[in-house]
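Beneath this line is the structure, given in structure tokens, with notes to follow.
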Amino acid sequence: MDPLSTLSVVGTIVQFVDFGSKLLNSGYGLYKSSKRASAANLELECITADLQSVLSKLKNSASAAELSGPVTEEEHKSQLSFKEVCEGAAFVANELLERLETLKVKGKKFKKFQSLHKALQNLWSKEEVAGISNRLEAFKTALNTRILLSLREKIDAHSLSVSALVEHMDNRSQMIISTIVEEISVKASQHQEEQLAKFMLVLELALRRRAEEVIIQSFRYDKMTHRYEDVLEAYQKTFEWIFDDDARSQVPWHNFASWLKDDQAVYWISGKAGSGKSTLMKHIFDDNRTRVFLERWAQDKPLCQASFFFWNSGSQEQRSQTGCLKALLFQIFNQYPDLISLVLPKRWADLYSTFVHHIFLPTLPWTLRELLATFRALVRQRKIPIGIFIMIDGLDEFDGDHEELVDLFKETTTLKNVKTCLSSRPWVLFRDAFSGCASLRLQDLTYKDISLFVDGRFRSNASFRKLVLHEAESAATLVNDIVLKADGVFLWVRLVVKSLLDGLRNHDDVAILQERLALIPRELDDLYTHLLGLIDPVYLRWSSRAFQILRLSREHEHNPFGPRRNARTTAVGVLPLTLDAFYFAMNEEDTEIHLTARCAGLLEVTQTNGSSRVSRRSSVDYFHRTARDYLEKGPIWLNILQHTAQTNFSPSLSMLKAYTNMLWMEPILNSVDYFRNVLHDTRNSRLPDERLISTAFIYAYYSDKLNVFSNTQAAWLDSMDQSLGRRKFEQYWGNELPLCNVPRNAADEIPIFDSILCLAVVYQLTWHVQHKLALQPPRTPMLLAHSAPSCHPSAPR
């Protein structure tokens with residue numbers, strides 16, 4: 001026999017054996033079944049019988065509805081259609097039950113043979129039963145749709161009556177229930193009344209919660225918690241004294257643990273720049289002992305905790321009174337949403353009413369005046385007793401009138417239900433304002449904490465542990481000298497310890513380390529000057545480029561075009577400087593290592609949002625606010641610029657190049673991130689292409705002003721055009737633009753930008769547009785004619 005014939009015979013045998021196996025298994029199942037049918041058929045029979053029962057009730061309900069009173073022609077047709085569907089479903093269900101009955105084993109005689117015979121019938125009838133089941137399923141789907149529609153109509157009718165309750169908010173739930181019950185009492189039974197009342201109560205509660213949630217989310221803004229997240233955690237076992245009940249040494253301070261439990265309203269934590277105020281504030285807010293002590297103050301009242309960390313180097317909201325109030329209100333209302341209808345009755349009622357009438361309107365933005373009124377109403381309300389604990393870090397980093405801010409929180413000193421803990425540098429304004437309040441001066445209390453930090457960092461270094469074995473007394477003296485010289489400034493200690501650890505890597509002995517320590521200045525500014533002087537001359541140009549790129553990025557991160565008249569929105573700034581953008585801008589491998597080694601430790605890569613590792617989306621930032629203040633001083637900054645003065649370096653052009661490369665690489669990098677399971681790091685989520693594009697064009701806008709580099713700029717924009725193509729613009733650029741007003745069509749829509757050239761016009765890349773138009777006919781004459789004059793704040797109008 002030839003191979004193909006053999007294969008055919010073998011295949012036939014395998015099919016036969018498979019069919020026989022299924023037949024025997026099915027027959028054995030029928031033989032053993034006490035109900036003379038297969039499990040699948042019994043299950044189908046049970047479901048179908050239950051459906052028959054439901055259909056019977058539905059037909060009776062439809063018949064009763066016909067007799068209930070006159071109906072419109074449309075309602076009559078709907079009832080007939082519904083009745084026909086019920087009858088059709090009942091017929092098919094009955095047909096299925098009859099077919100399943102024929103597949104059961106009858107009697108006990110010749111049971112084995114009958115079981116095998118019925119098993120064979122089951123196999124042959126499988127498709128027929130499935131077909132009937134599918135028909136029945138179609139009827140079931142139609143019935144479900146009709147029932148859901150009917151239910152929706154009833155819900156809509158009842159929900160209209162809810163709107164009248166907005167005017168009587170204090171007893172709105174009771175009024176809804178009583179009104180509905182009175183209307184239906186004549187027509188419905190007591191059971192129906194109770195069910196409808198429960199339903200309306202649930203509906204009313206859902207609408208309440210929805211209105212509350214919308215108001216809560218209206219306080220949220222981007223980067224609201226970033227400063228808190230970026231603050232360093234307290235080093236192990238440091239700042240534990242803050243929770244001691246016993247008085248600490250002879251230094252005058254008010255015991256913080258006692259203050260948490262007593263009725264004093266305000267506690268002021270002051271300290272030098274870099275003394276660790278923010279770290280202490282975060283430690284207090286996160287530690288559970290704070291809540292334990294506060295509960296003794298609050299007694300039987302529920303307790304609410306809220307915090308805000310001002311950040312002078314952050315966004316406008318991170319350093320403003322508006323951002324502070326929004327963050328506090330968000331946290332308090334999020335914990336106790338029932339306060340919203342009491343504190344904001346009109347806004348809540350308006351929102352509630354729109355939901356009742358199925359009207360969905362955007363929430364209005366908050367003004368500072370409204371936020372102040374809301375905060376004052378919140379802390380003064382007494383209908384819901386609540387103890388509120390507020391922590392505000394960095395009053396000195398507030399970008400506004402500090403007296404107004406101080407006055408706001410001093411108002412709470414007369415309130416028995418609010419406690420406020422504030423921190424700042426020891427400015428005269430704050431010292432005078434909080435002179436009668438409980439307080440402490442941080443640098444007077446951190447000697448042991450700094451000692452723990454220095455000793456812990458050194459002992460974690462293998463080279464230092466070897467020194468201790470041979471020079472234990474000298475090593476202990478070195479640690480003590482560092483602590484004494486620090487004068488309570490943790491930031492100074494971090495920089496000095498890092499410098500000395502670098503010396504240990506060079507195998508310096510204790511004597512040389514002591515010499516290093518003696519050369520380090522005690523004041524921060526002098527220390528920064530010292531550290532800059534340690535940068536190898538070979539790296540000065542590299543560090544200058546790095547400092548310029550970071551400063552440019554921070555300056556353009558928020559409203560990069562300044563105030564603009566007739567602008568609909570504030571311009572969206574550039575993306576924060578990340579490690580991958582910095583890598584492309586500097587065009588070097590090992591960027592993170594070079595950043596640490598070549599910038600005297602004044603720049604660093606930070607991990608945020610709880611991430612424990614460096615990733616490509618980690619932020620590049622100043623080591624501390626004091627480092628930024630020092631580097632950006634006039635004479636210091638001019639000296640930094642001198643190192644690139646004789647080169648063709650432009651930070652704007654470097655960042656344009658970086659974001660053009662990122663647009664090329666983003667899909668690849670996202671794929672790599674996915675396979676590395678970086679979902680644990682929220683900063684590794686995909687960047688929207690429109691943010692990358694707008695960031696690149698903001699840098700292009702500023703580099704366009706430097707006509708010397710226009711050819712290079714054009715090359716990078718051409719590269720971007722190739723990487724994106726027409727599809728990207730049609731997908732991402734719709735009815736919103738970050739820079740300026742452009743001509744709109746009759747529907748008040750911004751036209752779709754289908755090329756880099758269109759965006760170049762909007763962003764006023766004058767040289768680039770002229771260069772491109774010289775090579776081809778104008779593609780968007782209306783846009784060219786109208787958009788350019790209105791974009792820049794200094795342009796004529």
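These numbers come from a predicted model, not from an experiment.
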Using modelled atom types only, decide if a donor and an acceptor are shared between the side chain of S451 and the backbone of Y447 within a distance under 3.5 Å. no
Under a 3.5 Å distance rule, please check whether T238 uses its side chain to pair with a backbone N or O of A234 as donor and acceptor. no
Within 45 degrees of the axis of the six-membered ring of W241 and under 6.0 Å from its centre: does K448 put its NZ or CZ there? no
If you measure from CZ on F293 to CD1 on I284, what distance do you get to the nearest 0.5 Å? 11.5 Å
Once you measure the plane-to-plane angle for F256 and Y267, does it fall in the parallel (<30°), tilted (30-60°) or perpendicular (>60°) bin? perpendicular
Angle between ring planes, H402 versus F398, binned at 30° and 60°: parallel, tilted or perpendicular? perpendicular
Flag the pair K223 and E557 as a salt bridge only when some basic side-chain nitrogen lies within less than 4.0 angstrom of an acidic carboxylate oxygen. yes
Kindly say whether M281 contributes a backbone atom to a donor-acceptor pair with the side chain of D393 at under 3.5 angstrom? no
Would the number of heavy atoms belonging to other residues, nucleotides or ligands and lying under 6.0 Å from CD of E523 be above 12? no
Salt-bridge present (D230, R227; N to O < 4.0 Å): no
Tell me if the NZ atom of K237 is crowded by more than 12 foreign heavy atoms within 6.0 Å. no
Evaluate the side chain to side chain contact (heavy atoms under 4.5 Å, CB included) criterion for residues F490 and D449: first the C-alpha distance (whole Å), next the side-chain angles of each, then the deciding distance (0.1 Å), finally the verdict. CA-CA 9 Å; F490 253 107; D449 296 324; 3.8 Å; yes
Just one of R441, K272, R522 clears the salt bridge (Lys or Arg N to Asp or Glu O under 4.0 Å) bar with D487, so which one? K272
Check C324, S307, C421 against I392 for a side-chain contact (heavy atoms from CB on, under 4.5 Å) and give me the one that passes. C324
Let me know which of D502, L495, L500 forms a side-chain contact (heavy atoms from CB on, under 4.5 Å) with K498. D502
Nearest 0.5 angstrom please: T529 OG1 to L534 CG, how far? 11.0 Å
Check for a donor-acceptor pair, side chain of T695 on one end and backbone N or O of L575 on the other, with a separation under 3.5 Å. yes
W259 six-ring face occupied by K419 cation (under 6.0 Å, within 45°): yes
First locate atom CZ of F375, then atom CG of L328, and finally report the distance between them rounded to the nearest 0.5 Å. 6.0 Å
Note: K282-E233 ion pair, threshold 4.0 Å (strictly below): yes
